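Computed from a predicted model, the values in this text were never measured in an experiment. Sequence positions, counted from 1, serve as the residue numbers for this chain.
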Amino acid sequence: MSIVQTEAANAEFSPRQSAVLAEALRLLVEGGDKALTTAGLARAANCSKESLYKWFGDRDGLLSAMISYQASKVRTFERPGERLTAASLAEHLEIFAHDLLEVLAGDVSLALNRLAIGQTNRDGSKLGTLLLERGRRQIDRRARALLDAGQRDGLLRFADGEEAYRTLYGLIVSDMHVRMLLGDMPQTKGFAARAEKAVNAFLALYGTEKVLAGRDGGTRSGQPVNDSHHNRQA
């Protein structure tokens with residue numbers, strides 16, 4: 001079964017808008033917050049300021065769109081009516097885990113998070129709120145839908161879906177993101193193995209007999225996640 005980005009994420013932005021958002025993220029990474037101006041982005045993306053205002057509104061709207069675009073790089077299963085198997089569930093979970101690690105470790109996400117942390121004060125951070133609302137929670141929602149589909153198809157068993165998802169997220173990320181924000185260099189070559197290990201641990205905790213029997217019977221290919229057709233670095 002082929003895995004693609006969620007249709008909702010693909011439909012949110014046109015190819016031209018996606019290209020502009022990718023350019024905006026590049027400016028942010030290379031020049032910081034001060035480099036992200038309407039005039040500078042219009043020049044770098046070869047479009048008019050009027051188009052930017054029409055597509056994204058004000059600066060907060062642009063930042064919100066940038067974060068949504070970045071979050072859409074984490075692929076999940078979102079096909080109503082399509083039944084999961086033990087093998088396809090494990091495949092979807094591993095792709096989600098691998099994408100999540102790559103996005104969190106990318107220069108764009110690190111730059112956005114460091115900028116939000118730097119802007120935080122007693123009243124909070126507007127960018128931090130946007131990261132939570134348009135980034136993290138968007139990813140959480142789609143991943144929860146995958147877990148709910150797994151439960152619906154008799155592959156996962158849990159009483160609290162939120163707790164099950166937090167367990168999955170913790171197994172995948174652990175303290176890696178905090179260490180990267182502090183300057184630790186991620187070992188990206190090990191992400192496929194890390195993703196597989198996290199999914200194995202999660203399924204051992206929440207998988208039904210159907211999943212455990214299928215995995216013991218060798219229904220999975222055991223091949224590392226292939227992400228060559230999907231670029232997560234903006």
Side-chain angles (χ1 to χ4, degrees), residues 3 5-6 9 25-26 28-30 32 66-77 89-120 125 127-147 150 156 158 160-207 220 222-228 230-234:
I3 313 298
Q5 277 181 278
T6 58
L25 290 168
R26 183 191 66 79
L28 182 68
V29 170
E30 294 182 358
M66 290 164 61
I67 293 165
S68 293
Y69 173 73
Q70 181 71 1
S72 73
K73 297 174 184 178
V74 180
R75 295 165 291 174
T76 52
F77 171 86
L89 173 63
E91 182 185 8
H92 285 299
L93 286 171
E94 284 190 29
I95 287 175
F96 167 76
H98 192 266
D99 282 3
L100 181 62
L101 290 169
E102 286 213 333
V103 166
L104 291 177
D107 290 341
V108 169
S109 289
L110 291 174
L112 283 168
N113 278 275
R114 286 169 179 152
L115 181 59
I117 292 169
Q119 292 180 354
T120 301
S125 165
L127 178 56
T129 300
L130 287 173
L131 281 170
L132 286 173
E133 294 292 339
R134 301 292 291 170
R136 174 68 183 268
R137 287 172 187 160
Q138 192 178 126
I139 293 171
D140 293 351
R141 176 188 60 79
R142 298 200 306 266
R144 276 292 308 277
L146 170 59
L147 298 189
L156 297 174
F158 48 79
D160 187 334
E162 182 66 19
E163 180 181 344
Y165 173 66
R166 296 301 170 197
T167 300
L168 174 64
Y169 192 95
L171 288 168
I172 297 167
V173 179
S174 186
D175 66 343
M176 185 195 77
H177 198 213
V178 173
R179 289 189 287 106
M180 288 189 299
L181 288 171
L182 294 174
D184 193 14
M185 296 296 292
Q187 300 298 317
T188 57
K189 290 183 179 179
F191 281 174
R194 183 182 180 121
E196 182 176 5
K197 182 178 179 181
V199 170
N200 285 341
F202 177 78
L203 292 178
L205 290 170
Y206 292 99
R220 295 179 66 237
Q223 297 300 315
V225 175
N226 180 1
D227 65 336
S228 60
H230 182 74
N231 180 15
R232 289 164 208 79
Q233 296 300 315

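Panel note: side chain Arg75, backbone Asp99; no donor-acceptor pair is recorded below 3.5 Å. Not a single donor-acceptor pair under 3.5 Å links the side chain of Arg194 to the backbone N or O of Lys189. With hydrogens and angles ignored, the 3.5 Å screen pairs a side-chain donor or acceptor of Ser72 with a backbone N or O of Tyr69. When atom types are taken as modelled, the side chain of Asp160 and the backbone of Glu163 share a donor-acceptor pair closer than 3.5 angstrom. In this structure, the side chain of Arg142 engages the main chain of Val74 through a donor-acceptor pair within 3.5 Å.
Pairing each heavy atom of Leu93 with each of Leu168, the nearest pair is CD2-CD2, 3.9 Å. The two residues Val199 and Ala90 make their nearest non-hydrogen contact at CG1-O, 4.2 Å. Scanning all heavy atoms of the two residues, the minimum distance from Leu147 to Ala164 falls at CD1-C, 4.2 Å. Looking at every heavy atom in both residues, Ala195 comes nearest to Ala97 through CB-CB, 3.6 Å.
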(request) Would you sort out whether Phe191 and Glu196 count as a side chain to side chain contact (heavy atoms under 4.5 Å, CB included), showing the intermediate values? (result) CA-CA 9 Å; Phe191 281 174; Glu196 182 176 5; over 6 Å; no
(message) Go through it in stages, so that I can follow the logic: the residues are Arg141 and Arg137, the test is side chain to side chain contact (heavy atoms under 4.5 Å, CB included), and I'd like the CA-CA distance, side-chain angles, deciding distance and then a yes or no.
(response) CA-CA 6 Å; Arg141 176 188 60 79; Arg137 287 172 187 160; over 6 Å; no
(message) side chain to side chain contact (heavy atoms under 4.5 Å, CB included), that's the test. Do Leu25 and Leu112 meet it? Break it down for me.
(response) CA-CA 9 Å; Leu25 290 168; Leu112 283 168; 4.2 Å; yes
(request) Step by step, work out the side chain to side chain contact (heavy atoms under 4.5 Å, CB included) result for Phe202 and Ile172. (result) CA-CA 9 Å; Phe202 177 78; Ile172 297 167; over 6 Å; no
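The distance from atom NZ of Lys73 to atom CD1 of Ile139, rounded to the nearest 0.5 Å, is 11.0 Å. With rounding to the nearest 0.5 Å, the separation of CD in Glu133 from CD in Gln138 is 11.0 Å. Rounding to the nearest 0.5 Å gives a distance of 8.5 Å between CG of Asp107 and CZ of Arg114. From Gln70, atom CD reaches atom CG of Leu104 across 9.0 Å, with rounding to the nearest 0.5 Å. Separating the CE atom in Met180 from the NE2 atom in His177 is a distance of 5.0 Å, to the nearest 0.5 Å. The line from CG of Leu156 to CG of Leu205 is 11.0 Å long, rounded to the nearest 0.5 Å.
The aromatic rings of Tyr165 and Phe96 are tilted relative to each other, their planes meeting at an angle between 30° and 60°.
Annotation: side chain of Leu203 is in contact with side chain of Leu89 (closest heavy-atom distance under 4.5 Å). Residues Val108 and Leu28 have side chains not in contact (no heavy-atom distance under 4.5 Å, counting atoms from C-beta outward).
Note that Arg136 lies in the cation-pi zone of Tyr169, set by a 6.0 Å cut-off to the ring centre and a 45° limit from the axis.
Side-chain atoms of Glu102 and Thr188 form no donor-acceptor pair, as typed in the model, at a separation below 3.5 Å.
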